[in-house]
Amino acid sequence: MTHRRKSRGRSLAVAGMAAAAVLLTACSDSGSDNRTQDSVPAGVDQSTLQARGPDAQSINDLFVPFFWIAVVIGVIVVGATVYAAIRFRAKGDDDRPVQVHGHTGLEIGWTVVPAVILAVMAVPTVATIFELAERPEGEVVEITVTGKQWWWQYEYENEGLVTANEMHIPAGEPVVLNITATDVIHSFWVPNLAGKKDAVPGRSHFLKIEADEPGEFLGQCAEYCGLSHANMRLRVIAHERSEYDAWVAGQLAPLSPDEVAFVEAGAEEGGIIQKYGCTACHSFDPTGEGAQVGPNLSHLASRQTFAGAIFDLTEDNLREWLPNAPVMKPMQTSDPQGDAPATPGIVPGMPAFPEMTDAEVDELVTFLLGLE
Ligand code: CUA
């Protein structure tokens, strides 16, 4: 080997190692970097590689061996390509390779071998698809999940309960989700518990999720859905069954008479909720009676986050949010009266209320943080 060829081989090796290093950094456990919420539950990263339920585990059981099969095939193919490129490269103007036309044995080989590999891989793949699509037997928690620009609504079918963004489920039990959307296509994704499932207007898609243990799991919309797609997050909070039942009972409690009076007081008698038309979009009823354009606000204070689970539910955040929500979260806004959508047919997000006074903000914050 000449000196020139040696150094070319060395630079090829260096380039190869650099490429491998770049690829491998993508594999590092950087799940925590994805967390942009103010506060995040401790313990589990938002990662498909950390299965915390049987459905996510089934997917991983398929993914991990297939990944290594792909690695082996990738190394062989890339290795052979690099070898051929170096070994058979042109060494001068007259250095033509031997001219051949086809090789029946080779062609049959590289057709049959991949076909056999794919056929073998199809067996566990199809089995997993059917397993994940199986409806659990018996009485299970069933939740209709509706993607909306840009938050999630959860209707608990058997409990008659409507809530938003933070889904509570019993651990150790399969939960059936019927996933749909009202406006555009979204995608419901809690990587630790299950795969993605598109939320499509006019359709209901089945997804089964289950958490092995109580805990909190982060998720987010996984289908680009407009201005605040990145701000359409969610949490799943898994409880022991008894704690879950207690949560349901707490959520079903109606507002107190004082709270109802606060909501219903007309603008002329100083009612702030009616003055700003909050009930045109938000329900204050645990069963979701009333408007469902924005999240149900009954028991808002029992949630950790708001606005598509992107902000901690704190006094300061609410104080900033109420008069000027679009500054904190980009939304298609209407004029402050809320009767002229920026895009016809598209429901506007929470508008700004520039005329809202500090005293009104205080009163609203106190009221909302009292809705436990
Ligand atoms: Cu909803 Cu992206």
Side-chain angles (χ1 to χ4, degrees), residues 31 33-38 40-41 45-48 56 59 143-156 162-169 175-209 216-237 281-283 288 291-297 300 303-313 317 321 325-334 341-351:
D33 297 341
N34 295 339
R35 300 167 157 192
T36 57
Q37 282 124 324
D38 294 354
V40 291
D45 285 331
Q46 182 183 324
S47 164
T48 50
I59 295 171
I143 305 170
T144 294
V145 173
T146 308
K148 305 196 181 202
Q149 285 174 316
W150 290 272
W151 59 284
W152 298 95
Q153 177 169 284
Y154 309 131
E155 291 172 72
Y156 287 67
V162 177
T163 185
N165 298 322
E166 295 177 9
M167 176 186 287
H168 293 249
I169 61 171
V175 172
V176 168
L177 305 183
N178 304 310
I179 299 177
T180 186
T182 47
D183 34 42
V184 298
I185 301 177
H186 305 272
S187 182
F188 182 87
W189 192 31
V190 188
N192 301 111
L193 301 184
K196 296 172 188 170
K197 188 69 85 169
D198 273 5
V200 180
R203 295 181 61 102
S204 178
H205 290 163
F206 168 86
L207 181 70
K208 187 157 49 90
I209 62 168
E216 286 191 42
F217 308 97
L218 297 177
Q220 63 193 73
C221 180
E223 176 73 41
Y224 180 67
C225 55
L227 208 50
S228 257
H229 160 66
N231 298 318
M232 190 170 166
R233 293 165 180 269
L234 65 115
R235 292 180 178 199
V236 173
I237 299 145
C281 293
H282 296 282
S283 168
Q292 298 192 342
V293 176
N296 187 323
L297 296 181
L300 172 74
R303 299 175 204 156
Q304 307 167 32
T305 56
F306 71 103
I310 57 170
F311 300 115
D312 279 352
L313 188 76
N317 282 343
W321 174 264
V327 163
M328 291 174 76
K329 176 175 178 177
M331 289 179 282
Q332 273 149 333
T333 55
S334 67
T343 311
I346 302 266
V347 171
M350 175 115 164

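As the structure lists them, so they are numbered: ligands from 1, and atoms in each ligand from 1. When a residue number appears, it is its place in the shown sequence, counting from 1.
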Chemist: Test of understanding: with salt bridge (Lys or Arg N to Asp or Glu O under 4.0 Å), list the residues that count as partners of Lys208, not counting sequence neighbours.
Modeler: Asp55
Chemist: Using the six-membered ring wherever Trp is involved, compare the ring planes of Phe311 and Phe306 and label them parallel, tilted or perpendicular (cut-offs 30° and 60°).
Modeler: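 Tilted.
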Chemist: Please determine whether side chain to side chain donor-acceptor pair (under 3.5 Å) holds for the pair Gln149 and Ser228, giving the CA-CA distance in whole Å, both sets of side-chain angles, and the decisive distance to 0.1 Å.
Modeler: CA-CA 7 Å; Gln149 285 174 316; Ser228 257; over 6 Å; no
Chemist: I'd like to check the ring pair (Phe, Tyr, Trp, His ring centres under 6.0 Å) partners of Phe188; sequence neighbours left out, ordered by chain and number.
Modeler: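 Counting only residues at least two positions away or on another chain, Phe188 forms a ring pair (Phe, Tyr, Trp, His ring centres under 6.0 Å) with Trp152.
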Chemist: With 2.8 Å as the limit, jot down which protein N, O or S atoms are around atom 1 (Cu) of ligand 1.
Modeler: His186 ND1, Cys221 SG, Cys225 SG, Met232 SD
Chemist: Output all residues satisfying ring pair (Phe, Tyr, Trp, His ring centres under 6.0 Å) with His282, sequence neighbours left out; order by chain, then residue number.
Modeler: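 His282 satisfies ring pair (Phe, Tyr, Trp, His ring centres under 6.0 Å) with no other residue.
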Chemist: Side chains of Gln46 and Gln220, heavy atoms from C-beta outward: is any pair under 4.5 Å?
Modeler: yes
